[in-house]
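What follows is one structure encoded as structure tokens, with my remarks underneath.
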Amino acid sequence: MINIRGLHKYFGENHILKGIDLDIAEREVVVIIGPSGSGKSTLLRCMNYLEEPSEGAISVDGIVLDGEANVNKVRENVGMVFQRFNLFPHMTVLANIMLAPMKVKHIAASDAKQTAIDLLTRVGLADKADAYPDQLSGGQQQRVAIARALAMHPKVMLFDEPTSALDPEMVGEVLDVMRKLAKSGMTMAIVTHEMGFAREVGDRLLFVDDGRIIEQGPPKEIFENPKEERTKLFLSKVL
Amino acid sequence: MEFNTGLVIDSFPLLLIGAGLTIEITAMSVGLGLIIGLFVGIARIGGNKILRLLANVYVDFFRGTPLLVQIFIVYFAVPVITGQRMDPFVAAVSACGINSGAYIAEIFRAGIESIEKGQMEAGRSLGLTWVQTMRYIIIPQAFKRVIPPLGNEFIALLKDSSLVSVIGFEELTRRGQLIIARTYGSLEIWLSVAVIYLAMTITISRFVAYLEKRYKIKEN
């Protein structure tokens with residue numbers, strides 16, 4: 001579904017990604033962990049071209065990302081959920097979800113609304129359709145953000161630390177939604193610090209440090225028996 | 001010293017006609033300034049380097065030279081090039097509108113840049129184009145934030161429009177000068193002129209305050 005070859009990213013002098021090769025299969029859930037500043041968020045953001053790679057090739061569902069023209073095409077199929085939710089504060093929850101399907105895919109308002117209501121029901125927020133984002137808790141906002149991304153019927157969902165900005169008691173409700181999504185067969189790439197969730201939901205765990213994939217494999221194996229020194233060091237701090 | 005109340009009363013209708021023209025010039029200049037300002041403001045943050053350079057030059061020039069000089073250029077210097085006499089009203093609106101466009105461009109730019117970066121990223125990640133994201137997500141949010149500075153700009157422009165009296169256009173200030181030339185009533189007329197300007201600027205600032213309040217409530 002996602003194929004990455006020889007990906008490098010520089011921010012000015014800083015070499016953030018130092019040669020990443022990664023293939024994510026359809027229906028696979030890949031969880032990316034690593035220390036802050038390791039490049040894991042940048043890697044995720046390259047997958048829908050929010051960051052432009054300095055070198056290397058990325059293709060999503062067979063479409064090579066190489067410029068404005070096909071970037072929008074690919075983004076229709078790649079949903080993204082941000083740490084800070086990034087809901088549109090001047091629109092109701094319903095309008096947030098309906099905007100992209102109507103403007104990008106030209107879906108009729110009535111159909112877009114039906115889809116939005118179905119999705120809100122799925123994330124347990126059907127009663128919040130007419131609320132504005134700042135009337136919702138962080139956890140509720142993040143669930144709306146997930147529904148908004150799903151409204152485009154993406155083939156892949158990217159999650160950039162989706163629970164890091166939440167109060168602890170709200171983390172569970174967001175992870176529940178993501179867990180269900182994973183079970184439904186969605187292809188997912190998740191950057192997270194939730195190790196328990198990574199272990200439970202991930203098909204594959206990537207440990208990224210200093211711009212490289214240091215180690216990868218089934219989460220259970222890596223958590224119980226890390227091979228690389230750096231992985232051991234990191235896990236000893238977070239587990 | 002005596003204050004001739006009769007002169008004030010007699011002159012008032014003429015001054016009000018001038019005030020009407022002041023409002024007309026200001027309204028049309030603001031309209032022109034808003035259109036120019038929106039495009040120049042967006043050009044200053046957009047990706048196109050040539051447009052950005054042109055927009056920067058525009059803003060620097062019109063903010064960096066006196067409005068009075070700009071009025072002279074439009075009214076006296078441009079006809080030298082075109083060989084056609086310039087209508088004072090057209091000259092007044094062009095000079096004020098183009099000048100105000102530079103300030104409004106900066107107001108729009110600052111308003112747009114004050115919107116959190118994540119909003120653009122969220123729009124783009126959903127497949128919306130840059131223009132669509134601007135139109136549906138960024139500008140509607142920026143609009144609320146630029147209402148107060150835009151109000152200030154309108155008030156400044158209304159007052160600055162008195163400068164077009166120098167090219168003989170008979171707005172409020174010019175009317176006052178003409179009446180004084182006839183009656184020597186400097187005290188009465190200049191005070192009347194000042195009071196009329198004050199009434200207009202207070203009206204605008206009240207209206208802006210009302211808009212601000214209305215949109216603030218709507219946000220929640």
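Side chains included, hydrogens not; waters and symmetry mates left out as well; all remaining heavy atoms used. Each chain gets a letter, A, B and so on, in the order its sequence line appears, and its residues count up from 1.
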* Structure fact -> Rounding to 0.5 Å, atoms CG (A/Asn86) and CD (B/Gln119) come to a distance of 6.0 Å

* Asked: With respect to chain B, which residue among A/Val78, A/Leu158, A/Leu87, A/Thr92 yields the maximal number of heavy-atom pairs within a distance under 4.5 Å?
  -> A/Leu87

* Asked: Got more than 12 heavy atoms from elsewhere within 6.0 Å of CD, B/Glu113?
  -> yes

* **Minimum heavy-atom distance B/Leu126-A/Ala149, with the two atoms named** => CD2-CA, 4.1 Å

* Between atom OH of B/Tyr136 and atom NE2 of A/His90, what is the distance when rounded to the nearest 0.5 Å? -> 11.0 Å

* Asked: Any idea which heavy atoms bring A/Asn48 and B/Ser125 closest together, and the distance?
  -> ND2-CB, 3.7 Å

* To do: Taking only Lys NZ, Arg NE, NH1 and NH2, and the carboxylate oxygens of Asp or Glu, determine whether B/Glu116 and A/Arg84 approach each other closer than 4.0 Å.
  => no

* To do: Check the surroundings of atom CZ in B/Phe143: do more than 12 heavy atoms from other residues, nucleotides or ligands lie under 6.0 Å from it?
  => no

* CZ (B/Phe207) with more than 12 external heavy atoms under 6.0 Å -> no

* Asked: Would you say the side chain of A/Val104 lies within less than 4.5 Å of the side chain of B/Thr129, judging by non-hydrogen atoms?
  -> no

* Asked: In terms of heavy-atom contacts, does CZ of B/Phe89 have more than 12 from other residues, nucleotides or ligands at under 6.0 Å?
  -> yes

* To do: Let me know if A/Arg45 has heavy atoms under 4.5 Å from chain B in its side chain, its backbone, both or neither.
  => side chain

* Heavy-atom closest pair, residues B/Leu128 and A/Lys103 -> CD2-CB, 3.7 Å

* To do: Flag yes if more than 12 heavy atoms outside B/Gln84 fall under 6.0 Å of its CD atom; otherwise flag no.
  => no

* **Flag if over 12 foreign heavy atoms under 6.0 Å of CZ, B/Arg135** => no

* Asked: Are any non-hydrogen side-chain atoms of B/Pro140 and A/Met91 less than 4.5 angstrom apart?
  -> no

* Close side-chain approach of B/Glu121 and A/Met80, heavy atoms under 4.5 Å -> no

* Could you tell me which portion of B/Gln132 (side chain, backbone, both or neither) has an atom closer than 4.5 angstrom to a non-hydrogen atom of chain A? => side chain

* With a 4.5 angstrom heavy-atom cut-off, which part of A/Phe88 approaches chain B: side chain, backbone, both or neither? -> both

